[in-house]
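What you see is a predicted model, and the numbers here were worked out from it, not measured in a lab.
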Amino acid sequence: MISPPSESPAPDVSPAESARRGRLIAFLVAAAFFMENLDATVITTAVPAMAQSFGVLPVNLSIGISAYLLALAVFIPMSGWVADRFGPRSVFAGAVLLFTLASVACGLAQSLPVFVAARIVQGIGGALMVPVGRLVVLRSTPKSGLVKAIATITWPGLAAPVLGPPLGGWIASTWSWHWIFFLNVPLGAIAIVLALRWIDDAPGKLRPFDWTGFAASGFGLAALMYGLELMSHTPIDWFFAGALAAGGAASLGFALWHLRRTAHPLVDLSAFGVQTFRVSVFGGSLFRIAISSAPFLLPLMFQLAFGFSMVASGFMMLAMFGGNLGMKPATSFIMRRLGFRGTLLFNGLLVALGFAALMAFSADTPVAVMAAVLVLSGMCRSMQFTAINTLAFCDTTPAQTSGATTLFSMFQQASAGVGIAFGAIGLSIAERFTGHAGAPGVQDFRIAFGLVTAVALLALVDAVGLPRDAGSRVSGHPTPASAKA
């Protein structure tokens, strides 16, 4: 298997040079993550222009978004095996190349079927880029620098969903929708060159490919994600969407049963035996569900309930993005003072209070107050994401690193999709309760954010069971023994 970062650099590399290379690799991977996350949402505001170009109805373009997300879900489980077989540098650079070429194909597409096919290939590239990129960062970063490295690669997942829609609309209106994809070309080319230069290659232990595990996990994730994505549509076909989601969950259950028993599993599940990893995955998924609902619910509330324009709504979302970036320099300091348990509990409570504060918004609330709340909420979101993402790999062993990165990416992708669906379901429940079907008002969004607040509070339960010194060698938080010394 692939080894994680060692505590000391190689004999022929100075500690300063090792730390510098680790920082450079973290920025490189963050840039690749940003491309992957951005392309999941960037076309949403360009849909009308693209539909006109393809000669189809705008609603038909939803398959372009779904195809990309489904390809991500299907191929993420195999990323660890591919990295072990061919080496992380080769796979990461190859994934960026595939993603870039598929972006060119998307921009050159003259019909919807060709565009969808290119989006599928783009999703395959992204599916390999994300977990393998995270694995590269873990291998190149000493434990003492893990908090800063994870903070660096965390912001794309927070920023891209917020920046994607307004950026896509601006590009499509200023130039043409094709440039949404062509802009990936120079970024991808630079990323490939730097990856081949900076990243060391070390293939892991070879093992047979687990076709049963791949089929069960791939179908399960795809069916679950698509079923949940359908739940975000209006009107909702509850039977079909529910059947798909249930079938996906059943397939994932079978995949877990199979992976625990086969001699050569596609994904190593032993990381679930590590408490810090379990908390990051299970309790962390609840936080991701709550947090991922915000980019869906907030623009709707601003436009439908408060009467904001699309531009004004976009600027309000940028306030949250500003908070995300503003917290990054303070993450290491806060975790040193509070430790992982204290950070997750205290900051997690602030995340929940931030959602509760959104329930108090109305059309009469001053814009400056709204912006301040969104900035503070963005800061807390960023802090929680960094803590959760770092905690996952604090105590995993060298043999568990490859499987842990794959599992983490699978849960991260699934919980992001669940978050959007949960926001849509919460709003639908509120509309039925208030009788505002199809025309949600302030009260409907308050109910929806109340449900999101409840999920955020529920996520705190998992963190309560963490020991006070959990992940202390990574956070730098003094343990009781070291404090006495």
Side-chain angles (χ1 to χ4, degrees), residues 35-79 94-130 160-161 164-165 167-169 171-173 175-185 187-188 214-215 218-237 240-241 243-245 247-248 251 413 416-417 420-421:
M35 283 199 306
E36 186 274 328
N37 280 278
L38 189 70
D39 274 48
T41 59
V42 72
I43 72 171
T44 53
T45 48
V47 162
M50 296 174 68
Q52 183 178 8
S53 177
F54 293 148
V56 299
L57 296 174
V59 69
N60 294 339
L61 260 296
S62 64
I63 191 174
I65 301 173
S66 300
Y68 179 80
L69 295 175
L70 292 180
L72 280 175
V74 169
F75 288 95
I76 279 177
M78 69 180 294
S79 59
V96 176
L97 176 62
L98 184 64
F99 186 90
T100 304
L101 293 176
S103 296
V104 174
C106 287
L108 295 176
Q110 299 296 313
S111 66
L112 183 58
V114 173
F115 177 74
V116 171
R119 287 286 280 178
I120 292 173
V121 176
Q122 200 181 32
I124 295 172
L128 296 176
M129 230 170 19
V130 173
L167 180 61
I171 292 175
S173 60
W175 299 317
S176 72
W177 66 265
H178 307 81
W179 285 98
I180 292 174
F181 300 100
F182 293 154
L183 287 178
N184 285 335
V185 175
L187 296 176
F214 173 67
F219 172 79
L221 280 171
L224 179 64
M225 291 290 294
Y226 189 51
L228 293 171
E229 198 267 337
L230 289 177
M231 292 181 188
S232 64
H233 292 184
T234 302
I236 301 174
D237 186 343
F240 181 61
L244 266 180
S251 184
Q413 179 68 23
I420 296 173

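In this structure, the side chains of Val104 and Val185 come closer than 4.5 Å at one or more pairs of heavy atoms. Side chains of Leu187 and Leu183 form no contact here, defined as non-hydrogen atoms less than 4.5 Å apart.
In this structure, the separation between CG on Leu72 and CE on Met129 is 8.5 Å, given to the nearest 0.5 Å. To the nearest 0.5 Å, atom OG of residue Ser79 and atom CD1 of residue Ile124 are 13.0 Å apart. Once rounded to the nearest 0.5 Å, the distance linking CH2 of Trp175 with CD1 of Ile180 reads 10.5 Å. Here the CZ atom belonging to Arg119 is positioned 8.5 Å from the OG atom belonging to Ser103, to the nearest 0.5 angstrom. Between Gln122 atom CD and Cys106 atom SG the span is 4.5 Å, to the nearest 0.5 Å. From Leu98, atom CG reaches atom CG of Leu128 across 7.5 Å, with rounding to the nearest 0.5 Å.
The two residues Ile120 and Ala71 have their closest heavy-atom pair at O-CB, 3.4 Å. When every heavy atom of Ala67 is checked against every heavy atom of Val116, the shortest pair comes out as CB-CG1, 3.9 Å. Closest heavy-atom contact between Leu224 and Ala245: CD1-O, 3.7 Å. Of all non-hydrogen atoms in Val74 and Phe214, the two that sit nearest each other are O-CE1, 3.6 Å. What you find for Gly248 and Ala223 is that their closest heavy atoms are CA-CB, 3.7 Å.
Note on ring orientation: taking the six-membered ring where Trp is involved, the planes of Phe54 and Trp177 are perpendicular (angle over 60°, cut-offs 30° and 60°). The aromatic rings of Trp179 and Phe182 stand perpendicular to each other, their planes meeting at an angle above 60°, with 30° marking the opposite boundary.
Aromatic ring centres of Phe115 and Phe181: separated by under 6.0 Å.
Of the possible donor and acceptor atoms, none in the side chain of Ser251 sits under 3.5 Å from a partner among the backbone N and O of Gly247.
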